[in-house]
Amino acid sequence: MQTSPKDSFPARIFMVYVIFYAGQAMYNTYLNLFLNDSGFNMSAIGLVQSAATLALVLVQPLWGVLSDKSKSKNRIISLLALVTALVCLSFYAFRAALWLAFCVMLFTVFFNPIITLQDNYTLEYLEGRKWDFGHIRLGGTLGYAICAMLVGFVIGTNYGQIFWMMSIFFLAVCACYMTLPQVEGHRQKHEKVKYSILLKDRPLRWMLVFNVIYYLGTAFYFQFYPLYFRNELGASTRLVGMLTFFSAMSEVPFFWFAHKLEKKFGVKRIMLFAGAATALRWFLLFFISEPVAVLFINMLSGCGYVGFSYCLIKYINDTVPKSMRATAQSLNAILGTIFSKILFAPLGGVLSDLLGIRVMLLTAGIVMLCGVTLFAIAFRPPQKELQK
């Protein structure tokens with residue numbers, strides 16, 4: 001019996017996720033170690049990340065609108081990936097602090113929109129096919145985990161090597177999207193849209209609020225914990241890479257079974273479980289400082305990250321009009337970054353220098369518990385879930 005093209009596993013899109021997230025893993029894991037070795041303390045790193053994210057917030061909505069209007073969403077993603085690859089190489093031009101800060105800003109502005117536009121492309125491509133978004137997004141987890149660990153073994157303490165490697169990965173992403181099936185935006189050229197409808201959806205509003213609370217602690221962890229892990233707990237570069245590997249690999253079963261779990265338990269239960277697991281993660285990292293134990297504690301990342309990201313991405317795709325999906329995904333990304341990186345990153349960096357990382361982890365755990373309580377009280381599941 002011949003397999004229908006719609007039943008075939010979209011292996012090429014899966015591999016694009018592998019490549020893209022492999023490049024992101026190097027940046028997320030080793031950039032701040034590079035900046036720290038270049039003379040940036042935690043306060044300065046937080047300020048740079050905040051400024052870069054502010055610039056991103058100003059331009060990201062534009063990319064969402066362009067994608068919704070474009071005759072080829074592929075071209076938008078390809079353009080962003082190409083520019084990101086060039087920005088990676090620009091880190092080698094000068095070692096002055098201002099130049100490196102400028103490069104971080106450029107990278108953030110062109111790289112971050114790819115994440116939401118890529119997910120939007122994949123969700124629309126998968127419509128009418130038997131494969132779920134979680135099955136494809138799993139490729140990103142595998143690429144992220146394996147690359148972060150392998151690069152840690154290869155580069156040692158020469159963190160500047162990551163940029164030419166990242167450039168190659170993002171050039172490959174650019175080439176891939178030029179050859180993948182075309183997906184067209186659904187918004188007509190002169191169509192008027194009411195952005196207010198995005199925030200009139202009560203379940204979506206509370207999901208966005210809960211997601212913002214989640215990202216406060218998560219963004220802080222990504223920006224500062226690898227520095228703490230290396231500088232204060234004495235971990236090697238290899239262990240830093242393994243830290244990311246353990247965290248990412250814990251996502252594998254959750255992404256694979258995400259669709260079945262969402263159907264069985266519903267959005268509210270999954271997100272509450274994700275929030276509780278995330279709070280537990282921050283509390284355990286506050287109490288435990290043994291590097292090997294830290295690796296296993298961070299496997300709580302799987303149920304936390306997947307629970308939040310999958311539920312929100314799928315809910316937006318299932319409920320928001322087609323002509324506004326990329327815009328809505330961009331809004332979700334913007335809200336998380338405004339609070340976690342623009343407002344909290346500089347404050348978190350200063351407080352980390354003054355009070356230490358452990359105190360900030362304890363604070364993140366308390367904030368997450370408050371978020372779990374608020375979401376449990378305020379969130380009302382969509383009507384279709386109430387009828388299950």
Side-chain angles (χ1 to χ4, degrees), residues 17-38 40 42 45-46 48-50 52-53 56 81 84-85 87-88 91 100 103-116 118-119 137 139-155 159-163 165-167 169-170 173 214-230 235 237-251 281 285 294-295 298-299 301-302 304-306 308-309 333 336-337 340-341 344-345 348-349 357:
Y17 271 84
V18 172
I19 297 168
F20 175 79
Y21 278 92
Q24 185 189 35
M26 286 184 272
Y27 189 82
N28 282 357
T29 306
Y30 302 110
L31 172 71
N32 286 350
L33 296 175
F34 168 79
L35 294 177
N36 187 237
D37 286 355
S38 300
F40 290 74
M42 291 187 187
I45 290 172
V48 168
Q49 295 287 2
S50 179
T53 308
L56 170 67
T84 300
V87 171
C88 289
F91 277 88
L100 294 179
C103 291
V104 170
M105 184 176 297
L106 283 180
F107 182 90
T108 302
V109 165
F110 290 103
F111 167 79
N112 279 60
I114 302 175
I115 300 172
T116 54
Q118 179 174 244
D119 290 343
R137 178 58 181 78
T141 293
L142 294 175
Y144 194 97
I146 295 170
C147 185
M149 183 177 66
L150 291 181
V151 168
F153 280 85
V154 171
I155 66 174
Y159 303 114
Q161 290 190 55
I162 64 171
F163 300 113
M165 298 180 193
M166 289 162 54
S167 182
F169 278 102
F170 294 130
V173 169
Y214 166 78
Y215 266 104
L216 289 176
T218 303
F220 174 81
Y221 170 86
F222 276 120
Q223 289 168 24
F224 302 117
Y225 194 82
L227 288 172
Y228 170 76
F229 194 52
R230 183 193 68 170
T237 301
R238 293 181 178 184
L239 273 179
V240 172
M242 291 181 68
L243 181 72
T244 301
F245 175 80
F246 274 63
S247 298
M249 287 304 293
S250 67
E251 299 171 8
R281 181 187 179 193
L285 289 178
V294 166
L295 298 180
N298 276 288
M299 294 186 76
S301 169
Y305 174 73
V306 177
F308 279 96
S309 63
T337 54
S340 64
K341 291 188 177 181
F344 188 67
I357 295 289

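The structure displayed is predicted, hence computed values, not measured ones. By convention here, the first residue in the shown sequence is residue 1.
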Gap between atom [atom2] of [Y] and atom [atom1] of [X] - 0.5 Å precision:
| X | Y | atom1 | atom2 | value |
| --- | --- | --- | --- | --- |
| Met165 | Phe169 | CE | CZ | 8.5 Å |
| Met26 | Tyr159 | CE | OH | 15.0 Å |
| Gln24 | Thr29 | CD | OG1 | 9.0 Å |
| Ile155 | Leu150 | CD1 | CG | 11.5 Å |
| Tyr215 | Tyr221 | OH | OH | 14.5 Å |
| Arg137 | Gln118 | CZ | CD | 8.5 Å |

[X] versus [Y], closest heavy-atom pair with distance:
| X | Y | answer |
| --- | --- | --- |
| Cys147 | Ala22 | SG-O, 3.3 Å |
| Glu251 | Thr141 | OE1-OG1, 2.8 Å |
| Cys88 | Met166 | SG-CE, 3.6 Å |
| Leu33 | Pro226 | CD2-O, 4.0 Å |
| Ser247 | Ser250 | O-OG, 2.5 Å |
| Val294 | Leu243 | CG1-CD1, 3.7 Å |

Is there side-chain contact between [X] and [Y], with at least one heavy-atom pair below 4.5 Å?
| X | Y | value |
| --- | --- | --- |
| Val104 | Phe91 | yes |
| Phe308 | Thr218 | no |
| Tyr30 | Thr237 | yes |
| Met42 | Ile357 | yes |
| Phe111 | Tyr27 | no |
| Gln161 | Phe34 | no |
| Thr244 | Tyr144 | yes |
| Phe170 | Phe20 | yes |

Handout entry: Between Asn298 and Tyr225, a side-chain donor and acceptor under 3.5 Å
Key =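 Asn298 vs Tyr225: no donor-acceptor pair found between side chains.
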Problem - Asp119 versus Tyr17, side-chain donor and acceptor atoms under 3.5 Å - result: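 Indeed, the side chains of Tyr17 and Asp119 share at least one donor-acceptor pair under 3.5 Å.
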Problem - Aromatic ring proximity Tyr228/Phe224, centre distance under 6.0 Å - result: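 Judged by ring-centre distance (under 6.0 Å), Tyr228 and Phe224 do not meet the cut-off.
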Problem - Under the side chain to side chain contact (heavy atoms under 4.5 Å, CB included) test, residues paired with Phe40 that sit two or more places apart - result: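 Listed in chain order: Leu35, Ser38, Ala44, Ile45, Val48, Ala97, Leu100.
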Handout entry: Criterion side chain to side chain contact (heavy atoms under 4.5 Å, CB included) on Phe222 and Leu31, from CA distance to verdict
Key = CA-CA 10 Å; Phe222 276 120; Leu31 172 71; over 6 Å; no
Practice task
Evaluate the criterion side chain to side chain contact (heavy atoms under 4.5 Å, CB included) for residue pair Tyr21 and Ile115; output intermediate values, then yes/no.
Solution key: CA-CA 9 Å; Tyr21 278 92; Ile115 300 172; 3.7 Å; yes
